[in-house]
Amino acid sequence: MGPTTRARFVYNRRRRAVEEASDDEEEQHDTSSSSDEEEEEAEEASGEEVDDEEEAAAAEPGAKKPPAAAAAGERRGGRKDPITISLKKVCKVCKRTGHEAGFKGAVYIDCPMKPCFLCKMPGHTTLTCPHRIAMEHGVIPAPRRNTNTSLDYVFQSQVKGKISMVKPQFLIPNQLDCGNVKFHQRRVTCLEFHPARNNVLLSGDKKGLLGIWDYVKLHEKITYDSVHSCILNSMKIDTANDGVLYTASSDGTASSTDLDTGIGSPLLNLNPNGWNGPSTWRMIYGMDLNTDKGLLLVADSFGFLYLLDRRSKTRIGHPILIHKKGSKVTCLHCNPAQPEVLLSSGNDHYARIWDTRNLVPNSPLASLAHGRVVNSGYFSPHSGNKILTTCQDNRIRVWDYIFGNLESPSREIVHSHDFSRHLTPFKAEWDPKDYTETVAVIGRYISENYNGVALHPIDFIDTSSGKLLAEVMDPDITTISPVNKLHPQDDILATGSSRSIFIWKPKNEADLIEERTKQKAKKYIYGSGSRKKSNGKHDNSSDDDSDGDSDGKNKKAKRTRFTHTVKGKGKSKV
DNA sequence: AATATATGGGCCC
DNA sequence: TGGGCCCCCTATAT
């Protein structure tokens, strides 16, 4: 309704007009009296190319202004050109003139005719989105970042300098540890750390290839291409027998594979009659293991849940409809504290809680309504009392009490993780090491101008406050990183970005000390004039994270960092 | 260096 | 309820 619909309408009509007529004719056809259209046309008449360049210059403070007018003059005045009008620049999104969507340098300029790409509300673009606000900190690990109590401050100021190796509670793995691992031929779709074998990471890709590799000894890697024939969607190691891996795939099978031999045996095949067109082909996205009961749970792209006995490899009962018939179940997760409690997420815009001991179709324990497709839903890793969902409406939702009032989420965090058919869906995941059950990690879709390069960071979010704890990026990774996995014990992050896999570790102590020393020296030389004073409480502390970056990567004075905002319970729904 | 293409989900009729 | 059309920050192969 409202502005969105109107924009769409205008867009379609405009398109037809552009296709059918030249610009001049178009004006005659145009009977609209919409005020903003008139405004745009006026802008056009005054010379759109100059406007464009000004826009670019404004977006990048340090950038030189190119001699746009001169260039335009040459183009126009040089010689006769009968088809000049058709060369007029047109926005690739809405096909209108007067503006252009796309990258201007490292900054993406949205089409103003569309709702905001970040928060999805009309009337502004991501550049001016209220959910994109300036942050005070940079990307270096800030151990105390999320502990702001005065007690903590006192503790830090007294203890710091006396003991050098206090392990911070949250160490952000933000430095690339090893080279770009690129043995997958298609995009990486899932990652899993081996829970018991040191330094072993399992990876799956769009073609169904399974990779097992040691990220300390990079040459020790194995790939199996016989397990699945297309997208590997989910992996799980059997904790009772950690030599066995369970996998689920869009080929419609769930398998158990011996990690050492690669010999797999299918536990379930939902397409026993082979390919008979997309309307009958079943795919498996959601999968989880109830280790207590030796139960493998799997859900297909038609809304059905299947229970499998792990040992006998047989189905238990009949498939049960847990989401809208014909819609994809995107994710399954067993509650870590009560494994019989199951969380399912689906394309029908719901996440649902079930009791697997008493499954009745259309009778979940709870139904969590979302604005769009729910990519994932996970119980918090220890108490299992919270739920974290990722939805294609660009919002991460936190539901604090799984048996409480789930009519609306406790918090909504606007965050850019749009759907794109070419990307593996983004999924926010809890940090399994975080006993406070607050930290989550998720890749970011929209890019940030990072010293002139557009990069897509991986965000660490404090889900209790919505605060961005860290944004992890590297100039060498220019691709989007939708797949991220935190190590269950170590401060390690594995990232799947396009065909590559990256391992991140925290910067080591020596690097940190060096950085802080430099920072201090800088401060001494240049003073603190450029520093933003917070509340004066501790603006003398060297480990203040207010302007974290000192590694020379962020030289530009002002960076407007994308972040996200939190909507608490009780406020109006989006 | 331009271009083709894979292919999911929303939305409209 | 289903088919057809549209699509915005891809990444890669040619």
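This one's a predicted model, so the numbers in the text were calculated from it and none came from an experiment. Letters A, B, ... are given to chains in the order of the sequence lines, protein chains preceding strands, and every chain is numbered from 1.
Summarising the geometry, the separation between NZ on A/Lys324 and C1' on C/dT1 is reported as 9 Å, rounded to the nearest angstrom. When the C1' atom of B/dG9 is taken as reference, atom NZ of A/Lys120 falls 13 Å away, rounded to whole Å. To the nearest angstrom, P of B/dG10 lies 13 Å from CG of A/Asn394. Here B/dG10 presents its P atom at 8 Å from CZ of A/Phe419, a figure rounded to the nearest Å. Rounded to an integer number of Å, the gap from NZ of A/Lys114 to P of C/dC6 is 12 Å. Rounded to whole Å, atom C1' of B/dG10 lies 15 Å from atom CG of A/Asp348. Taking atom CZ of A/Phe302 as the reference point, atom P of C/dT1 lies 15 Å away to the nearest angstrom. Residue A/Lys104 contributes atom NZ, which lies 15 Å from atom C1' of C/dC8 at whole-angstrom precision.
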*Residues A/Lys485, A/Glu192; criterion salt bridge (charged side-chain N to carboxylate O under 4.0 Å, His left out); working and verdict*: CA-CA 7 Å; A/Lys485 207 84 197 182; A/Glu192 199 74 30; 3.5 Å; yes
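Residues satisfying the side chain to side chain donor-acceptor pair (under 3.5 Å) criterion with A/Thr495, sequence neighbours excluded, are A/Asn484, A/Trp504. Evaluation of the salt bridge (charged side-chain N to carboxylate O under 4.0 Å, His left out) rule for A/Lys206 yields no partner, not counting sequence neighbours. Listed by chain and residue number, A/Asp251 satisfy the side chain to side chain donor-acceptor pair (under 3.5 Å) test with A/Ser249 (two or more places apart in sequence, or in another chain). Under the rule for a side chain to side chain donor-acceptor pair (under 3.5 Å), A/Ser420 has no partner lying at least two apart in sequence or in another chain. In terms of the side-chain contact (heavy atoms from CB on, under 4.5 Å) criterion, A/His318 has no residue partners (sequence neighbours excluded). For A/Thr390, the side chain to side chain donor-acceptor pair (under 3.5 Å) partners are A/Ser376, not counting sequence neighbours.
Within 4.0 Å (heavy atoms only), A/Arg372 reaches sugar-phosphate atoms of the nucleic acid but no base atom. Across all strands shown, A/Asp418 has no heavy atoms under 4.0 Å from either base or sugar-phosphate atoms. When heavy atoms are screened at a 4.0 angstrom cut-off, A/Lys206 is found touching the sugar-phosphate backbone but no base atom.
When the C1' atom is compared between B/dC11 and C/dC9, the two are found 23 Å apart, to the nearest whole Å.
Between A/Lys92 and the phosphate of C/dC8, there is no side-chain N or O to OP1/OP2 separation shorter than 4.0 Å. Neither OP1 nor OP2 of B/dG8 sits under 4.0 Å from any side-chain N or O of A/Asn347.
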Strictly under 3.5 Å: I want the nitrogen or oxygen pairs between protein and nucleotides 10-14 of chain C, one per line.
from, atom 1, to, atom 2, distance (Å)
C/dA11, OP1, A/Ile480, N, 2.7
C/dA11, O3', A/Ser498, OG, 2.8
C/dT12, OP1, A/Ser498, OG, 2.6
C/dA13, OP1, A/Arg499, NH1, 2.9

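Screening residues 271-285 of chain A for salt bridge (Lys or Arg N to Asp or Glu O under 4.0 Å) gives A/Arg282-A/Asp300 as the qualifying pairs, with residues at least two apart or on separate chains.
Ion pairing of A/Lys236 with A/Asp288 is present here, as a side-chain N (NZ or NE/NH1/NH2) and a carboxylate O approach within less than 4.0 Å.
Taking the side chain as every heavy atom from C-beta outward, A/Val181 and A/Arg499 never approach each other to under 4.5 Å.
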*In dot-bracket, 5' to 3', how would DNA chain B read with Watson-Crick or G-U wobble pairs under 3.5 Å, [ ] for crossing ones and | for pairs to another strand?*
.|||||.||||||
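Of the candidates B/dG8, B/dG10, C/dC8, B/dG8 carries the atom nearest the A/Lys328 side chain, counting heavy atoms from C-beta on.
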